[in-house]
Structure formats: structure tokens, C-alpha cells
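Only this structure's heavy atoms are used, side chains among them; waters, hydrogens and symmetry mates stay out. Reminder, nothing fancy here: chain letters follow the sequence lines and each chain counts from 1.
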Protein chains: 2
Amino acid sequence: MSRQAPTLEDVARVAGVSRATVSRVINGVRNVDPGIQEVVRQAIERTGYAPNRAARSLVTRRSQTVALIVSGAGDTPGEEQNAFAARVFADPFFGRVVSGVVGYLRPRSMHPLLMFAESAETRSQVLADLRQGSADGALVVSTHADDPLPALLADAGVPTVLFARPSRPVRLSYVDLAHREGARLAAEHLLNRGCRRIVTVTGPLGVAASQDRLAGFRDTMARGGHPYVPVAEGGFTLDSGMAAMSGLLAEHPDVDGVFAANDLMAQGVCQLLRERGRAVPDDVAVVGFDDSSVAVTCRPPLTTVRQPVEEMAAAMAALLDEHVRGVRTEPTSLIFDPELVLRASA
Amino acid sequence: MSRQAPTLEDVARVAGVSRATVSRVINGVRNVDPGIQEVVRQAIERTGYAPNRAARSLVTRRSQTVALIVSGAGDTPGEEQNAFAARVFADPFFGRVVSGVVGYLRPRSMHPLLMFAESAETRSQVLADLRQGSADGALVVSTHADDPLPALLADAGVPTVLFARPSRPVRLSYVDLAHREGARLAAEHLLNRGCRRIVTVTGPLGVAASQDRLAGFRDTMARGGHPYVPVAEGGFTLDSGMAAMSGLLAEHPDVDGVFAANDLMAQGVCQLLRERGRAVPDDVAVVGFDDSSVAVTCRPPLTTVRQPVEEMAAAMAALLDEHVRGVRTEPTSLIFDPELVLRASA
DNA sequence: GCCCCGGGATAGAGCGCTCTCCCCGGCCGT
DNA sequence: ACGGCCGGGGAGAGCGCTCTATCCCGGGGC
């Protein structure tokens, strides 16, 4: 920046006190004479002093930064590195995560360091960065089941909080949604609406959340007198939703209700139904999951199960902060309640 | 992390050499005897050494981090801080920017630090962070014209590169698209297709890019014998696209071609046209701009002007890197060429 | 009047790294 | 044979901050 940034020393000289006193004023620690405090404050003002982050980090062993890691399983080998990032952020879900995380971090003047780990190579890169102290801890959002990163982080002793329960148990904190509960809301709504031939499009069944949503849906359907629910597995994408619905429709042409495990697939379901001449919601009612932005832009707008992603992300950051500060040492899980949002599709 | 991370000193002791030598091996500087090099490398392996970033930053005065700042004009006063972040990332455009930036940074083991500046308060916060050396420079994506941040950064002497030419001139590098050129492609395509009653939905006219796209479109239309083009201003959102098209349709019911200044608005245009009983592309041809992910998911898929966002973002990072390293000192602009992508909508 | 006490300030020792300066020894030129 | 040069290595001075140990000094207890 300018030729030579002022240091604590400079401020101390101007204020006529010692470095230590200035430091105490800045960090608001121990009793400092109010008069001197004022003098120091003015000196800071006058010199335009800004504390050097690196120097502070060196002694405090804190970087005031957390890594926000988007982690894939490396299932798309030929894929360009960056394509992963683009694909990830194409999903409005991540925007909401970022939003929640930043909401917590910013008032504490911390920032998220964005990292992507979608291959063995990038994973060890991320691990190395963390061990170098680039960040005080990690917030991990996995896009796939069987993501090896959480275990690696746990082994390395990096304070970590996950978004969603990992499919293989790891001694790490996480936040998650009561997925079964959400599926129950969807099932009850469809049932109350009078639907009788109900099918569901699940997420990838390797993902715990998909399993839970399916299980919750089936339970409630069974309790409502529907022991059998046709199922098709999707991949959380629009295309996979269309494909899954296409299959279901072929076998069950009289379907009148669909529960899709996320909004993107619900959109695909709607599109396919329209292409096949079914009106939504008049012929077939469709319920999505997430309440993401596509739920609103979709025609018709989706009735969906809201996942409070921003709050969950903020809680994730708060949890990590506690771990980093050492206030909390044991892994903890925080489960959030979903909510049914009524729109036009069901 | 673990109880006590190994330091250079530890490695040096194990290898039986001095700190300086180990440092040289790690940074690959000056000639070191290959034999000793090997010994040091093994010592690093054995101790599990990872250089401390803070210590290194302190002396090199480099953080190996760049700030990726999304900057708004603070036009939505009542808005929650985080809502801004969510809104921003709802636009697939930013995902592509992140992708491009990360593509450049990662091979150099640098990371983007995510920051948002949408109010006077957060702007000065960002500025303070940068002055503290949290990042070596700033990559700025403004969502609004009249964004005061670029000027502030320039004044503070922070190495900065902007995405898109600022509406008020600032001594800062930027990357941008040849917007007029892109609009020309759209106009020519519509004309070649045989459209005769063509209208356009522009972006917010305070934004230079919107102006340029409009100007380029008008020029080409004029050159093609269409001196007058009905115009409606939108806000780059789906809703604003629908609203703008609604107005245009009322005044020009016989419209047969539309150029929308981005894909989101083009999607809105398509939706409105369908609601009003017009078929796309049979009754009305629609051309978008950006080639964002909605261009693909939209029904029908959009013919659009591709903006090579990832490349532009990568170039932005590269430019910043040069500024930071001092290789380049003068502000520079890099203009990229657009490309017409043909799909179903026109 | 002396001693002890404690609030308020300072001195100075690092934190872990880089980098400049210096030293050593072998090889060349004259 | 000797001095200079140069490749390869070491010693040590910081970078700017925090924090512990220490000091100073005024006041209260006996």
C-alpha cells in the first residue's frame, strides 16, 4: 500500500507511551487510564494505524479466518478443476450457505476462505493449507456421500463442522435438518389434499439425507394407509428429476401426487409432466424440498419443505467458533426443524 | 491442531543443517547441494513439517490471499446483511466468476477471501481489512453502477482489478466484454432469421454494460434498416424481464423478435410470452445474453450471447497477481470477445 | 513512620520465518 | 604458488505484534 505502514511503535511514540499500552488499548484488555486511552486513540487516528494481521496471527496463533470448503468425491475425473466450482455454485443452495456463514462471521470481523476439494490432490492441498494455519478451522459442505475429507480433517485435528451428518461416522460436529420430519410434512400435505396415487423421486441413495427423506415419507404414507410407494432415484439435478419422473409415469400413468427430494428435481418433474400433458397441480400435485430460489421461479411455484439453510450455516460457523476458542470440545450436532411452504404446485 | 507443530528449527536439527538451508530448500532458492537437499526433504517428511503462514507473511509482506469482493451500492437499506450475499449468489454468474478465479489461484496455492460490501459500514470494514494485510489485493465485482468502492480502493493504494469497466473512471485495471459486439451478434441473428418487429429489454441503464449492449443493438438494427427499436428497461432479474416484456407487448402486439440484455430477463420474457399465448420461437424469437446456466434450463433453451466469464475472471486474477508482484504497474484493461450460442429460442 | 499492597505502566522476550551478510574451501588464472 | 572468485553453507538480525514479568508509586494499615 503506501510506502511504509505505521506500526505499534510509531503510535506509541506519538502518544508518548509504550507499545504495550497501545496494544492494550486496541485489544481492550486490562485497566488503562481513561486519559491515556484517549491520547492513544488520537495517536492511532493521526497515524492512520492499522494492526498488522500477520504479526498478530504469529503470536496469537489465530488467523481470524475460517475455511469454507466445498468438497466432492472426485467422481468426475476428467472434469476441469474449475468446472466443479461452477457446478457447485449453480445450485442456489450454496449461495444460502455462504450467506449464513458470512452473516455470523462478519460482525466478528472474520472472513471465509473459499476452498474446493474434489480430488485426492486438491484434498491434500487443502489439508496442507489448513496445517499451515491459513485458517483456524473448516466448514465443510460435501456434495457426495463417502467424502473422505471429514475423516482426514478429524485425523489432522483441524477444528471442523460439517453441513449434514456424514454417511460414515466421524468424531466431528455437524448441523443438519430433521429430514424425516420434512418428508412427513410433504406426505401429510399430499394425503390431506386427497391424492391417492403418490410416487416419490429420491435423491442419490448413498446420501444419508436422501435415505432419511425417503424413510420419513414412507413411514407417514404407511401410517396413512399407503403401504407401497413407487420410488425412483434421482441425482438432485433437473435432468435426473425429469428422467426419474418419466420412468414413474410410464409405470403409473394414473399418478396424482409426487414428492421430489429437492426443488431442482421437482422442477424437472413439473416440466416432464407438462410435456406429457399433465397439469400441475390439477392433474398431479408436486411437492419439492429445500425452498430454494427455483421454488419461486418455477412455473407453477413450488409447494416445498423449507430448509432453514442460512440459520443452519450460521449455526455451523458459531459452532466452529466455539471449537476454535476451546469453549466447546466435544463434537456436537444441531438439528433444525423444517417447515412446509405452500405455493401453487400442491 | 496437534500439541506443538514442528518449526524450521526442528527440521534443521533433524537434518543437521541450519535453518537457512532448510528455508532455501523449501523455497527452491539459490543452489543447494543435491545431497543435502535430499536429506532436508527427508527431515521434512519425518517431522511432518508445514511452514507457518503467519510467520512467512510477516516477513514477506504477502498473504498469498486475494479478496474477492462483491460490492453493491447499498440501495436496499432495510435489507439484512446476509440477504445481499444470498441474492448475489442466486445469480449463476457469480458462481462462474468464483470458478474462474479459483482456477487461476489454486495452482499457485492461493485462495480467495470472500467479502461483501453493500453499505458504507461494510465498505470501510473491507477497507480496514485490506489495510491490515488480510489480502494482497482485491478482485471487485460490482452489482451496481456508482459503486464507491473502486475509488476508495484506488485511493488506499490497494492493488485492485475490477470486473467490468466502472461507470465513473478510476485508475484501476479491469476486464470486460465487448458488449456492443455481443449485441451486434444478437441483432444480426434476429435480422437474419427474418424478424421484422424487434424490441429489446435492457439492463439498468445506469450500468455501462447495459448502455453498451443497447447502443450496439441499436447501431446494428439501424444499419439493417430498422431506425427505431422499442425499448424497455429491466433490472437483470426474471421479474423485471416479465414486467418489461408485458409493457412492450401491450404497445407492440405484433412483435416477432426480442433481445434481452441477460438470460434471466430472457427467461422472464419467455414466461410472459407463453402466458400471453405466444409461442417461442415460432411466434416470437428470443435472444438472451451471458449463456448462464438458466439459458440451458429455460424452456425453450435460450439462444444467447456467450460471455466467457470464467476466462475473464481468471484473467482478472492473473492481472491482479501481476500488479501485486509489481510486474505490471500501469492500470490495464482486457476486453474479451463474445460468441453467439444457438439453441431453441431463436 | 515503615511496610506492604496493588493499580497502572514498561521492558523485553519471543512467535517462526526470510534474507542479508559473512565465512569457508576448492578451483582457476597468472 | 598465491590471490581472487565463486559455489555452498551458517549466523543472526529483524518483521510487528502479544504477554509475562517487573517496576514504580501513592495510599492504607499498624
Side-chain angles (χ1 to χ4, degrees), chain A residues 1-41 43-44 47-64 109 128-129 131-134 136 325, chain B residues 1-41 43-44 47-64 109 128-129 131-134 136 325:
Chain A
M1 324 288 155
S2 6
R3 39 192 169 296
Q4 194 60 344
T7 78
L8 253 199
E9 191 75 49
D10 298 328
V11 178
R13 199 175 321 113
V14 171
V17 298
S18 75
R19 246 186 7 256
T21 302
V22 179
S23 175
R24 260 186 262 118
V25 170
I26 289 173
N27 298 308
V29 85
R30 257 182 50 178
N31 316 339
V32 177
D33 184 287
I36 297 211
Q37 232 170 95
E38 189 47 34
V39 171
V40 169
R41 234 175 273 292
I44 291 175
T47 50
Y49 172 75
N52 179 313
R53 200 129 184 177
R56 181 177 285 185
S57 287
L58 180 55
V59 37
T60 59
R61 308 176 155 286
R62 284 281 145 73
S63 64
Q64 297 294 63
S109 56
D129 279 324
R131 297 199 329 123
Q132 291 184 21
S134 306
D136 298 332
R325 294 204 321 263
Chain B
M1 324 282 161
S2 11
R3 39 191 167 295
Q4 194 62 343
T7 79
L8 253 200
E9 191 74 50
D10 298 328
V11 178
R13 200 176 320 113
V14 170
V17 298
S18 76
R19 243 186 7 253
T21 302
V22 179
S23 176
R24 273 190 220 115
V25 171
I26 289 172
N27 297 308
V29 85
R30 257 182 47 177
N31 313 340
V32 176
D33 184 287
I36 297 211
Q37 231 171 95
E38 189 46 35
V39 171
V40 169
R41 234 176 273 291
I44 290 175
T47 51
Y49 172 74
N52 180 312
R53 200 131 186 174
R56 182 178 285 184
S57 288
L58 180 55
V59 37
T60 60
R61 309 182 152 281
R62 283 281 144 73
S63 65
Q64 297 292 64
S109 56
D129 280 324
R131 298 198 331 121
Q132 292 184 21
S134 308
D136 298 331
R325 294 205 321 263

Closest non-hydrogen atom pair between Gln132(A) and Ala50(B), with its separation:
CG-CB, 4.3 Å
Between Arg41(A) and Ile36(A), is any pair of side-chain heavy atoms under 4.5 Å apart?
no
I need the CD1-C1' distance between Ile26(B) and dG16(C), as an integer number of Å.
11 Å
What's the closest nucleotide to the Pro51(A) side chain, out of dA9(C), dC17(D), dG10(D)?
dC17(D)
Regarding the side chain of Arg19(B), the nearest nucleotide among dG16(D), dG10(D), dT18(C) is dT18(C)
Closest to side chain of Val59(A), choosing from dA11(D), dT18(D), dT18(C):
dT18(D)
Let me know the distance between CG of Asp33(A) and P of dG6(C), rounded to the nearest Å.
20 Å
Nearest whole angstrom, please: distance from the P of dA11(D) to the CZ of Arg24(B).
11 Å
Identify the two heavy atoms, one from Val40(B) and one from Val11(B), that lie closest to each other, and give their separation to 0.1 Å.
O-CG1, 4.4 Å
Rounded to the nearest Å, what distance is computed from the CD atom of residue Gln132(B) to the P atom of nucleotide dG16(D)?
15 Å
Euclidean distance, atom CG of residue Asn52(A) to atom C1' of dG16(D) [Å, nearest integer]
6 Å
Give a yes/no on whether any side-chain N or O of Thr60(B) is located under 4.0 angstrom from OP1 or OP2 of dT18(C).
no
Nearest heavy atoms of Ile26(B) and Tyr49(B), plus distance in Å
CD1-CE2, 3.4 Å
Using heavy atoms to find the nearest nucleotide of DNA chain D for Val32(B) and Ala55(A) separately, return the residue whose nucleotide is more 5′.
Val32(B)
For dT18(C), does OP1 or OP2 lie under 4.0 Å from any side-chain N or O of Asn27(B)?
yes
Separation of dG14(D) C1' from Leu58(B) CG (nearest whole Å):
9 Å
Is there a side-chain contact between Ser23(B) and the phosphate of dC17(C), meaning an N or O under 4.0 Å from OP1 or OP2?
no
Under 4.0 angstrom, heavy atoms only, what part of the nucleic acid is Val29(B) near: base, sugar-phosphate, or nothing?
nothing
Side-chain (Asp129(B)) to main-chain (Ser134(B)) donor-acceptor, under 3.5 angstrom:
no
Just how far, in rounded Å, is P of dG16(C) from CZ of Arg53(A)?
20 Å
Phosphate-side-chain proximity, Arg61(B) and dG16(D), N/O vs OP1/OP2 below 4.0 Å
yes
Taken to the nearest whole Å, CD/Glu9(A) to P/dT18(D) is 13 Å
Under 4.0 Å: is that the gap between some side-chain N or O of Thr7(A) and OP1 or OP2 of dG16(D)?
no
